[in-house]
Amino acid sequence: MKNRLLALAAGFAFTMLAASAGAADKVKIGFVSTLSGPSAALGVDIRDAFTLAVKLNGGKLGGLSAEILIGDDQFKPDVGRQLAEKFVKLDKVDFLTGYVFSNIMLASIPVAFENKVIYVSPNAAPSPLAGKQCNPYFFAVAWPNDAYHEAAGQYATQKGYKSTYLIAPNYQAGKDSLGGFKRFYKGKIADEVYTQLGQLDYAAELAQVRAAKPEALYIFLPGGMGINFIKQFVASGLSKDVQLITPGFGSDQDVIRPVGDAMLGLFDTSHWALDFDNPANKKFVAEFEKEYKRLPSVFAAQGYDTALLIDSAVREVKGKLDDKEAVRRALKAAKFASVRGNFKFNRNQYPIQNYVLRVVGRDAQGRLVNKTIATVFKDHGDAYVQDCAMK
Amino acid sequence: MPDLLEIRSLAKHFGGVVATDEVSLEVRAGEVHALIGPNGAGKTTLVAQISGSLAPDAGSIIFDGRDVTRLAQHQRVRAGLARSYQITSIFRRSSVIENLALAVQARSGSSLGFWQPVASESGLVDEARLIAAEIGLSDRADIAGGELAHGEQRALEMGLALATRPRLLLLDEPMAGMGPEESQRIIGLIERVRRSVSVVLVEHDMDAVFRLADRISVLVNGRVIATGVPDEIRANEEVRRAYLGDEALSA
Amino acid sequence: MSWILILEQSLNGLQFGLMLFLLAAGLTLVFGIMDMINLAHGSLYMLGAFFAATLVQATGSFALGVLLAIPATALAGMLLEVAVLRTLYARDHLSQVLATFALILIANEVVRIVWGSDLQMTMPAALSGPVQLLPGMPYPAYRLLIIGVGLAVAALLYVLVAKTRIGMLVRAGASNREMALAMGVNIQRLFTLVFGVGAALCAVAGAMLGPLFAVQVGMGESILILAFVVIVIGGIGSIRGALVGAVLVGMVDTIGRAFLPHLFGLFLPPQFASAAGPAIASVLVYLLMAVVLFVRPQGLFPARG
Amino acid sequence: MNARAAALIAALAAAVAFPLAMQAADQLFFVGFASRVLIWAIAASSLNLVLGYGGMISFGHAAFVGTGAYVSGILIAGGVTSAWIGWPAAILASAVLALAIGAASLRTRGAYFIMITLAFAQMMYYLMNSMKAYGGDEGLSLTSRAALGFGLDLGNEVTFYYVVLAALCALLYATHRLAHARFGRVIAAIRENETRAEAIGFPVYRYKLICFVIAGAAGGLAGALLASHGKYVSPSLLHWTQSGTLMIMVILGGVGRLWGGALGAVLLLALEHLIAEHPIPWLLAIAPNYPQHANLGVGIVMLVIVLYAPQGLAGLVSRKRHA
């Protein structure tokens, strides 16, 4: 009994010593994302692009040497939260970032807020945090959760689809997505179905779709869910009768790779595409492909931008990271060349930017890629900003 | 003498096998009623149904004028119907006194005590000591049940049943696996006990049966083929033919 | 609600149920014969899927890959039996539960080290489209294949258990372990064999479901509990019970998820129906189990008297 | 006896001094971490009550912990922050659930009992997963911890730690009393020889059920504390593998021993933390990713304990089921 206690006490003492050793002149980033399981490709792309940006920057962010602590939330909110707890309280990071999925992020970032650590979101941007619960420590780098879906709704209306069937996972981002679609879609909603988050077999849902006979089918199924759904959608023979529409990430490189030719001709909406013609994007796409031997997805673009944004802010405040207000102002100024082209932060710290329509086709080398066709929205913000009390 | 236990047309099947076939018998107050029969005759099955660990398919069991057929085993124990097992079933890690005190506890008030240490209840232990003396284990009181000699374990087995203060004791082969000397000890114990308690005795040791029993019922293939005083059973042709023959001759 | 929809959902339920049967069959035999609770059964399912995904890729042929994965998993199962599980037969259930739970942890990490946390497995291109079953009712060819394979394996298992000498021993063992032990002949080898067959069935399920689900670490953990539900419903040790239980669970689960929310919508206020529908549907099979337990505590087809 | 008392006092003193030392060293993270460990110690101790003392191999204990967490979490989310309402409600809800699950599953035994407790617990997992009103699989984030009153702020890590420590001590003392009281003797007897316990007149089913319910209720308390600790509740708390982890804690610490659950929780969680945070350099050189595979070690240790050191599993329910 005594010995065991002694051993434990020694263990804790050891832990303490190890933890209290920290340097001052560097920037510490806590990066938590979904890095394993069927939806891992998303988090991996964000991580790879983020670390690529740091690498291209000589291992620095804003002139300070960058230490990036990486954690895998395993697609589990409680694991994500525990990692946030550790990074914020034990490792005392300067910024937290990385989460792909809204639910995991929502469970985790209160830890950051309470400890006045800024969370820079490379992907998830749920509607509550845009409106009533907007938070000075939250920056959405990518796009408001509704935006792609609003663009998709707009597109479906323009195409004149009379009825559309909607499927999304049963969680905040799922609700946001279908809400966004409906906001701009003028046709009839055939049905609106919420599935289990992480569900992989869609036989039952596909049978319902067939029975409902809609003209179009809009799905918000990120990661492995979308990959499985599209495969099973093609296998069911529905692709002949029903036009599938997805948000940009729903038919990006991470889905194209496993699904293959079945993706050809699929329309989607996005704030970024491989073929965006600006220097930052050209450099990013080339370097990413060189480093990882694959084409970047929209998630990679978001991760890259996130690193660039932090870089710009750290440089702006000249490394004085303890002045949180100054860091915030610097982040909000967004003085960097984004791979998406021009964008700016709204007062709720969500982006105002353009959204485009893309189609899956072949590039010069015969690879399946998304090609930009048209602009759907220009300088588009979000519908919740008026509820945000922040200035 | 009035009947303490009355069994009416009891029946039990296991799949297609008839284990208890329309058994009816009475046990009078104060008597030792032996239940004999060849292996597989259904004696243990019958005891299990009387004690309540096995539900009969049909028939009824009346104990002391009350229908106990639907009562659970523990309720029958509280009504005064206790049993011992053919294969010793005691609390092997507890001492003799702890074994017996537990049985005393079972009948003395509620056991939903969550706070007061049971060790502070001297009444339980005192009574357990009395029973230990009764079964001849006073000098082994603090030995764990599992460490007792076989004969002592059999005595404790009976003691556990006795500690519930039964009015009818069901003894399932109390002398199983015993040498002659140890058997004498159990026979002596039954002799003492019978003064206050009625006994149903299942036993293969015919000497013991004929020495102890007031009446005997013979069970063959799940059926009672004869009931009577020892001399009647000894003289019964059917019993001799079906079962007793060899052993009676060899005895 | 059209008949075609109901028919299609029933086929989906049958497909799921048959795969559950493959898992439950091995599990129930191990229970019945060895009185052993094996939580690591789901790990064999995972292993089978990983083997299949790897071998399909390596050989370039779906059929060949799957066919090779089956003996590979069976071998792994038998190795496990000889190395670890054999010593557990005589132990109490707590030891069995703990040891096999430990095996789950070990299997998960070993797979993670060898393969990573997940693999992609693609269905054969020829079967990736639909088949016209009835006019107006196309059905995915691959799911039909699963149903076919499930039925074939069930039939094979029936012949094996009902018509062969080994099957006779297995049945005897499941209904009366002491008798099986008394027969004495190579009982140890019989156990190993049964375990291998159980593992092979896991591999079939894992390999067939691989392209539909994801081949990933932990994939066996949720489905294992459903296999338990199947066994409790069907009765421990009974292959027939496992089949009936599995199809019942598969049907109830699929049909419940598909129609319960709509059914609730017919006679409940919509906001309540949309909340209660999915909630009840998700626990429907467990409620079924509770009902069966209440009515027939030994399951629908108890192997022991 | 004296050595034991000394060890007890030393352990208590260390537990009381720990947060003050950490506070002095500006390492509040470890106070929060220790609170979590102690809460799991409560959960494991409650499982020990049914597993070790009662001899029932309940594989669904996470359901009671999770239910307690949800009930207290839902109340806090709904504005009822008082711990004096939330925690008793959590305990009561878990007790009621334990009553229902126990009443159904205790009619069976052996492998059946294990499977049925497992299945019913998993049912709760899926139920909470689909309860959109309470967060569904997203879980429920809370804005604050429960409020205790009396000027005690549970939002303060050190205060919270002491409350958890007090709860653990209270539970262990109550367990100690219970084990030596009439009820404890009866469940010990049932664990040792169920048939005989019934045959001397104990209503075995009822006592087992009561034991099951008490353990469930104590699990509910752990859940309520957990909800406040993390300010977050999710269905993964109810997943069956969580029950397995609790079981591992109890086995590591000692089945049926008063300190078993607590010791096992401390051991397992501290070990997990050390492996993940402080890799051993030479081992890292051989296997660079080994901290990510800590469960491999846990699994192997468990397997070895079960296979080769069964006597280490003290108080084990050693009887094998007979038909």
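These values consider heavy atoms only, across backbone and side chains, with no hydrogens, waters or symmetry-generated copies. Chain letters run A, B, ... following the sequence lines, proteins first and then strands; every chain starts at 1.
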Quick check on N221(B): does its CG atom have over 12 non-hydrogen neighbours (other residues, nucleotides or ligands) under 6.0 Å away?
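Count not over threshold, so no.
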Got a sec: does the CZ of R206(D) have more than 12 other heavy atoms crowding it under 6.0 Å?
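No.
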Of all the heavy-atom pairs spanning [X] and [Y], show the shortest one and how long it is.
| X | Y | answer |
| --- | --- | --- |
| G201(D) | R78(B) | O-NE, 3.8 Å |
| V77(B) | E198(D) | CG2-O, 4.0 Å |
| F114(B) | I214(D) | CE2-CD1, 3.7 Å |
| A161(B) | R196(D) | N-NH1, 4.5 Å |
| A181(D) | W115(B) | CB-N, 3.6 Å |
| R93(B) | E192(D) | N-OE2, 2.5 Å |

Residue selection (most heavy-atom pairs with chain B, distance under 4.5 Å) from F202(D), Y205(D), Y207(D):
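Ranked by heavy-atom pairs under 4.5 Å with chain B, first place is F202(D).
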If I measure from the heavy atoms of chain D, does [X] come under 4.5 Å with its side chain, its backbone, both, or neither?
| X | value |
| --- | --- |
| E157(B) | both |
| L124(B) | side chain |
| R92(B) | both |

Output the distance between atom CD (Q73(B)) and atom CD1 (I200(D)), rounded to the nearest 0.5 Å.
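It comes to 10.5 Å.
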Per-residue contacts, residues 101-112 of chain B versus chain D, heavy atoms under 4.5 Å:
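Listed by number, the contacting residues are L102(B), A103(B), Q105(B), A106(B), S108(B), G109(B), S110(B), S111(B), L112(B).
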So does I90(B) get a backbone contact from the side chain of N193(D), meaning a donor-acceptor N/O pair under 3.5 Å?
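Yes: the side chain of N193(D) pairs with the backbone of I90(B).
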Which portion of A174(D) sits near chain B, non-hydrogen atoms under 4.5 angstrom
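Both backbone and side chain.
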Between Q116(B) and H180(D), is any pair of side-chain heavy atoms under 4.5 Å apart?
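The answer is no, as the side chains (C-beta and beyond) never meet within the 4.5 Å cut-off.
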